[in-house]
Amino acid sequence: MFLAIVANLFAVLIGTILAGIFLLWHKPHLDVDGNTIITLKKSPNQINQFDIAHLVALIALKHALPAFTGYRPPLLPEPGSAQAFRLPCVRLEGPLSLTEGNLRVFNRAVLKDGLRPTEAGTNPFFLIAQTVPLAINILAHRDCPIKPFGAVNTRNTFRFINPSAIRDWKTLVAASKLGQISYSAVFGGPGHPGRRRKRGVDFCITIDVRHGKETILKQDLWFLQSLPRFYKPIYQEAAADGVQLVAADVQQDRSKANGRALRISGRDPRRWAATSKDYNPIHVSAMGAKLFGFKSVIAHGNHVVALAVQQLVDAKTDEEKAAKARVWETDAAFEIEAKFLRPTTLPASLTADWSMQSGDQDAIALNVRGREKLNVTAVVRPTVTEKLS
């Protein structure tokens with residue numbers, strides 16, 4: 001017991017020192033409205049092990065120090081709303097550096113079961129993987145009231161506004177060398193409160209990627225941070241105005257799927273972590289996963305969807321060919337809305353089943369099952385022009 005206490009105190013001390021250095025690296029400042037603006041010294045996807053250690057230290061510090069110490073703001077109710085939390089605006093912006101090395105690391109994560117790079121271009125999830133560190137940086141920042149270890153990514157919406165540009169990795173790499181690829185990531189702010197749910201607070205981080213002045217990719221990443229039931233505002237089912245975490249039109253039957261086999265090993269999350277820099281212990285450490293209540297490491301949700309998308313290059317069924325045309329071949333804007341229904345513990349033998357969405361002739365559904373239960377669902381559809389404004 002004594003050694004454990006000493007170890008914890010030592011970890012907090014080291015974390016405090018590293019966090020102080022890390023805050024200098026971020027150099028945050030406030031705009032005229034008092035919003036936190038963070039400018040990173042390097043592209044978020046180019047961080048190294050030392051930078052990741054800094055992030056871990058910041059996260060540990062947020063959990064070790066209570067809000068009353070002033071290190072991080074408390075999570076407070078939104079004035080005038082019965083089921084919302086006020087979230088301060090935290091924003092990151094800067095250039096995004098893309099290299100052939102980044103692409104090689106990404107391909108090692110998605111090219112499985114004999115699949116090879118295709119002339120159709122790179123998997124559109126390449127850009128998504130490169131921007132994952134932005135969400136991690138926001139959640140780790142002291143001006144964000146969210147505790148990262150209690151936050152779970154529940155659903156994402158990806159809008160591929162210029163699909164041909166996103167798949168053209170050579171142009172992306174060349175443009176990034178000229179400083180023409182940039183990003184912005186936003187958490188909270190006016191009109192973007194956290195929503196009270198039964199298990200906690202639901203919030204969104206929005207990430208945009210631009211080529212010059214043109215936005216080519218928009219992402220809405222939704223998270224749920226667990227909160228005690230007594231944390232105010234207390235959840236009221238009748239008053240909670242929110243989004244269903246599981247779409248009503250998703251058929252959650254337990255019948256045997258007719259889709260394609262998708263096998264993910266216990267080592268695959270490390271490959272995705274290498275490209276996305278998401279080294280959350282539940283994904284890369286068996287011991288860490290067990291500490292959080294999982295039997296083994298679990299797959300990254302975006303990795304599962306990226307693997308299913310990669311399989312489309314070798315489309316076999318009519319439904320897969322329709323999905324391939326939408327994701328790999330179209331120049332028209334489209335979106336993928338993914339929902340993560342339950343953790344995918346590894347190793348896993350999954351089934352990825354593409355089908356036409358009932359009631360929506362323009363939508364194609366993806367159901368990923370493990371042990372005859374739905375783990376991940378996604379819907380691919382054209383992006384409505386109004387959503388891009």
Side-chain angles (χ1 to χ4, degrees), residues 44-60 62-63 102 105-112 123 125-140 146-156 158 200 205 207 219 221-226 262-310 338-350 352 368-371 373-378:
N45 60 329
Q46 306 299 338
I47 59 177
N48 55 33
Q49 292 181 342
F50 186 70
D51 302 322
I52 293 171
H54 280 165
L55 278 171
V56 172
L58 273 180
I59 292 171
K62 288 186 73 174
H63 284 264
N102 295 140
V105 174
F106 174 80
N107 281 339
R108 282 197 288 269
V110 297
L111 295 179
K112 293 171 59 66
N123 188 314
F125 273 72
F126 169 62
L127 262 188
I128 292 169
Q130 305 311 299
T131 57
V132 168
L134 295 173
I136 300 173
N137 273 276
I138 285 178
L139 293 177
I146 300 297
K147 291 184 176 182
F149 283 147
V152 178
N153 188 201
T154 57
R155 65 193 190 277
N156 296 327
F158 307 109
I205 295 176
I207 299 175
Q219 307 174 58
L221 313 180
W222 289 90
F223 297 81
L224 181 71
Q225 182 201 309
S226 59
L262 178 58
R263 298 177 181 85
I264 306 179
S265 73
R267 296 184 60 83
D268 283 334
R270 288 186 173 274
R271 297 184 177 94
W272 186 257
T275 186
S276 68
K277 312 305 180 188
D278 183 358
Y279 285 94
N280 188 320
I282 63 174
H283 298 304
V284 299
S285 168
M287 181 178 296
K290 289 178 180 178
L291 287 175
F292 283 91
F294 300 103
K295 294 181 180 179
S296 63
V297 295
I298 64 174
H300 298 80
N302 286 344
H303 191 198
V304 176
V305 181
L307 289 170
V309 166
Q310 190 66 42
K339 296 183 175 69
F340 312 120
L341 308 183
R342 55 174 50 85
T344 301
T345 56
L346 304 177
S349 294
L350 308 173
V368 180
R369 292 177 172 86
R371 297 180 181 177
K373 293 182 179 180
L374 272 176
N375 288 20
V376 178
T377 68

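Hydrogens, waters and symmetry mates play no part in the numbers below; they use all other heavy atoms, side chains included. These figures come from a predicted structure and were not determined experimentally. Along the sequence shown, the residues carry numbers beginning at 1.
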Audit row: H283, Y279, ring-ring contact (aromatic ring centres under 6.0 Å, His included) steps and yes/no: CA-CA 7 Å; H283 298 304; Y279 285 94; over 10 Å; no
CA sep, side-chain torsions, deciding dist, call: V305, F340, side chain to side chain contact (heavy atoms under 4.5 Å, CB included): CA-CA 10 Å; V305 181; F340 312 120; 4.2 Å; yes
Verdict with reasoning, Q310 to L111, per side chain to side chain contact (heavy atoms under 4.5 Å, CB included): CA-CA 7 Å; Q310 190 66 42; L111 295 179; 3.4 Å; yes
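The backbone N or O of I128 sits less than 3.5 Å from a side-chain atom of T131, completing a donor-acceptor pair. In this structure, N153 contributes its side chain and W222 its backbone to a donor-acceptor pair below 3.5 Å. Between the side chain of Q225 and the backbone N or O of K147, at least one donor-acceptor pair lies under 3.5 Å. With hydrogens and angles ignored, the 3.5 Å screen pairs a side-chain donor or acceptor of N123 with a backbone N or O of A306. With hydrogens and angles ignored, the 3.5 Å screen pairs no side-chain donor or acceptor of H303 with any backbone N or O of P269. Checked by atom type and distance alone, the side chain of K62 pairs as donor or acceptor with a backbone atom of L139 at under 3.5 Å.
Closest approach of V284 to A273, counting heavy atoms only: CG1-CB, 3.9 Å. When all heavy atoms of A151 and I146 are compared, the closest pair comes out as CB-CG2, 4.1 Å. In this structure, G266 and L346 approach most closely via the heavy-atom pair CA-CB, 4.0 Å. Here the closest non-hydrogen pair linking I47 and P133 is CD1-CB, 4.5 Å. Among all heavy-atom pairs drawn from N375 and P343, the shortest one is ND2-O, 3.9 Å. Of all the heavy atoms in S285 and G288, the pair that sits closest is OG-N, 3.0 Å.
In this structure, the side chains of T344 and I298 stay at 4.5 Å or more apart for every pair of heavy atoms. With a 4.5 Å cut-off on side-chain heavy atoms, H63 and P148 count as touching. By the 4.5 Å heavy-atom criterion applied to side chains, R267 and V297 are not counted as neighbours.
Rounded to the nearest 0.5 angstrom, R369 CZ and L350 CG are separated by 11.5 Å. The CD1 atom of I264 sits 10.5 Å away from atom OG1 of T345, with the distance rounded to the nearest 0.5 Å. A distance of 13.0 Å separates CZ of F292 from CE of M287, quoted to the nearest 0.5 Å. Here CZ of F125 is found 10.0 Å from CG of L307. Values are rounded to the nearest 0.5 Å. The distance from atom OG1 of T275 to atom CG of N45, rounded to the nearest 0.5 Å, is 8.0 Å. Once rounded to the nearest 0.5 Å, the distance linking CG of N137 with CD1 of I205 reads 10.0 Å.
Each salt bridge (Lys or Arg N to Asp or Glu O under 4.0 Å) pair with one or both residues in residues 271-298, not counting sequence neighbours, appears once here: D268-R271.
Every residue meeting the ring pair (Phe, Tyr, Trp, His ring centres under 6.0 Å) condition with F126, not counting sequence neighbours, appears here in chain and number order: F106.
For the residue pair Q130/S276, the side-chain donor-acceptor check at 3.5 Å is not satisfied.
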